[in-house]
Amino acid sequence: MSKSVTKEPLMHIVKRDALPNWHSWAIRIAAIVASLLVCALIIIFFTGENPLNIYITMIKGAVGSTRRVWSLMQNVAVLLCVSLAVTPAFRMKFWNLGAEGQVLIGGLATTACMILLGSKLPPYILIPMIFVVSMIAGAVWALIPSVFKAIWNTNETLFTLMMNYIAIQIVSYFAYVWSVPKGSGTIGVINEPTKAGWLPDLFGQKYLINIVIVAVLTVVIYIYLKYSKHGYEISVVGESENTAKYIGINVKKVIIRTVLLSGALCGLTGVLLVSGTDHTLTKDTAAGRGFTAVMVSWLAKFNPLYMILTSFLIVFLQKGAIEIATVFGLNDSFSDIITGIIIFFIIGSEFFINYKVKFRNGKGESK
């Protein structure tokens, strides 16, 4: 009887052992360099512009003046806050895609406090109330899918995603109810003459209080996830619910508690956006940050400290892309393409950090 001969594939993918940190970051940096080279070729081919001028413009657009630096830091802080919010749930493998809606509901609660109580309460009562009410609102909005997941094991991805659209419609309704002038559909700047409910400036800087709040929150969440009992329980539930049950962890309680925290932090982001930055509310207040935060958290391996770098990178690219479109008169979509290519390479680098490609040796046949 003849022996069957099978031909091995030309290559196959195998999982790597854990790489040293310097090796992982070297791969990421190489990916960024490669993405810039690809973008340069695309720029030359489609526009004829000097790629170097494009990249210099991108840098100027992000950090070209003091005002732009503060704006960059403010946007990094807000994006980082949403990323911190979704991270505890993600570590537990509860895929909360509802951050966008939870931020909007938190912002709606902030707006309600500013409009309805702004003229009735002193700032030292109004501001703390805004934080408490908005965080409760975000937590309640997150509570609904967490209860359904914990008790009936529903699909949290679809559930939280659909709730975003409900939140958008609720905000649109109240934007019409509180619109100025009536019937315009936009709220306008809230309490502009009195600034009731506005977060105060620190050392003359408008955005500094937002940055300080998020900086403190980053450290707190890092300690909470890494060193607290709750953080340990989140990790165990994320690894295996059966293991968690076996060692006596109340899985349902952990799920609900963790997603409540996630929603509350999204509500806090709503405060930073409405009370600390925009002083108004629209259905676009969250501006897609709830979805961008998913990428920020994942790229940072759910590590709050690394999220500072990934948040900065994303916002830097967004600011730079807007400047490119303005200075060179390019279509906004072109700047988005450049940003997308760079992000694609960064995300793709994670594959080479976690896996390696092995090619066939010799004849590549086995009997």
Side-chain angles (χ1 to χ4, degrees), residues 57-85 103 106-107 109-115 117-135 180 186-222 265-282 284-287 289 293 296 304-305 307-320 322-323 326:
T57 302
M58 179 180 282
I59 294 171
K60 288 181 178 179
V63 294
S65 66
T66 302
R67 181 183 63 81
R68 287 178 175 177
V69 169
W70 278 108
S71 178
L72 175 76
M73 292 172 66
Q74 149 67 11
N75 279 274
V76 169
V78 173
L79 178 58
L80 177 58
C81 193
V82 188
S83 304
L84 292 169
V103 170
T110 301
T111 302
C113 290
M114 292 173 70
I115 292 175
L117 302 174
S119 60
K120 299 176 181 178
L121 296 176
Y124 61 85
I125 295 178
L126 179 60
I127 296 296
M129 179 177 288
I130 285 173
F131 276 95
V132 172
V133 171
S134 299
M135 292 177 73
V180 179
T186 57
I187 295 175
V189 179
I190 305 169
N191 299 336
E192 187 172 12
T194 62
K195 293 182 170 51
W198 291 25
L199 294 185
D201 297 348
L202 286 183
F203 305 108
Q205 296 296 338
K206 178 181 176 182
Y207 299 136
L208 184 56
I209 190 167
N210 284 11
I211 296 167
V212 170
I213 289 171
V214 176
V216 172
L217 182 63
T218 303
V219 176
V220 171
I221 294 298
Y222 176 79
L265 295 181
C266 285
L268 173 62
T269 308
V271 178
L272 300 184
L273 284 169
V274 175
S275 185
T277 306
D278 300 333
H279 308 125
T280 190
L281 179 71
T282 71
D284 298 317
T285 292
R289 291 182 179 91
V296 170
L305 300 183
M307 283 179 215
I308 299 172
L309 297 176
T310 52
S311 298
F312 176 85
L313 177 63
I314 298 299
V315 175
F316 181 90
L317 291 173
Q318 290 173 340
K319 293 282 187 182
I322 292 170
E323 186 71 6
T326 302

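Worth knowing before you read on, the calculation uses all heavy atoms, side chains too, and leaves out hydrogens, waters and symmetry mates. Predicted model only: the values in this text are computed from it and were never measured.
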| request: Identify, with sequence neighbours excluded, every residue that meets side chain to side chain donor-acceptor pair (under 3.5 Å) alongside E192. | output: none

Main chain of [Y], side chain of [X]: is a donor-acceptor contact present, judged purely on distance under 3.5 Å?
| X | Y | value |
| --- | --- | --- |
| S134 | T110 | yes |
| T285 | L281 | no |
| T280 | G188 | yes |

Which distance, rounded to the nearest 0.5 Å, do you find between the [atom1] of [X] and the [atom2] of [Y]?
| X | Y | atom1 | atom2 | result |
| --- | --- | --- | --- | --- |
| F131 | L272 | CZ | CG | 6.0 Å |
| I322 | T57 | CD1 | OG1 | 14.0 Å |
| M73 | L208 | CE | CG | 7.5 Å |
| L273 | T282 | CG | OG1 | 10.0 Å |
| L80 | T218 | CG | OG1 | 4.0 Å |

| remark: The side-chain contact (heavy atoms from CB on, under 4.5 Å) partner of C113 among V133, I190, V274 is V133

| task | Can you spot which of V76, I59, V63, L72 makes a side-chain contact (heavy atoms from CB on, under 4.5 Å) with K319? | result | L72

Kindly give the heavy-atom pair with the smallest separation between [X] and [Y], and that separation in Å.
| X | Y | value |
| --- | --- | --- |
| L121 | I125 | CD1-CG2, 4.2 Å |
| E323 | R68 | OE1-NH2, 3.4 Å |
| W70 | Y207 | O-CD1, 3.8 Å |
| W198 | I127 | O-CD1, 3.7 Å |
| L84 | P304 | CD2-CB, 3.6 Å |
| D201 | K206 | OD1-CA, 3.4 Å |

| query | Mind checking whether R289 and N75 have side chains closer than 4.5 Å, heavy atoms only? | reply | yes

| task | Compare all side-chain heavy atoms of L265 with those of I221 and state whether any distance is below 4.5 angstrom. | result | yes

| So C81 and L217, side-chain contact (heavy atoms from CB on, under 4.5 Å) or not? Walk me through it. | CA-CA 8 Å; C81 193; L217 182 63; 3.9 Å; yes

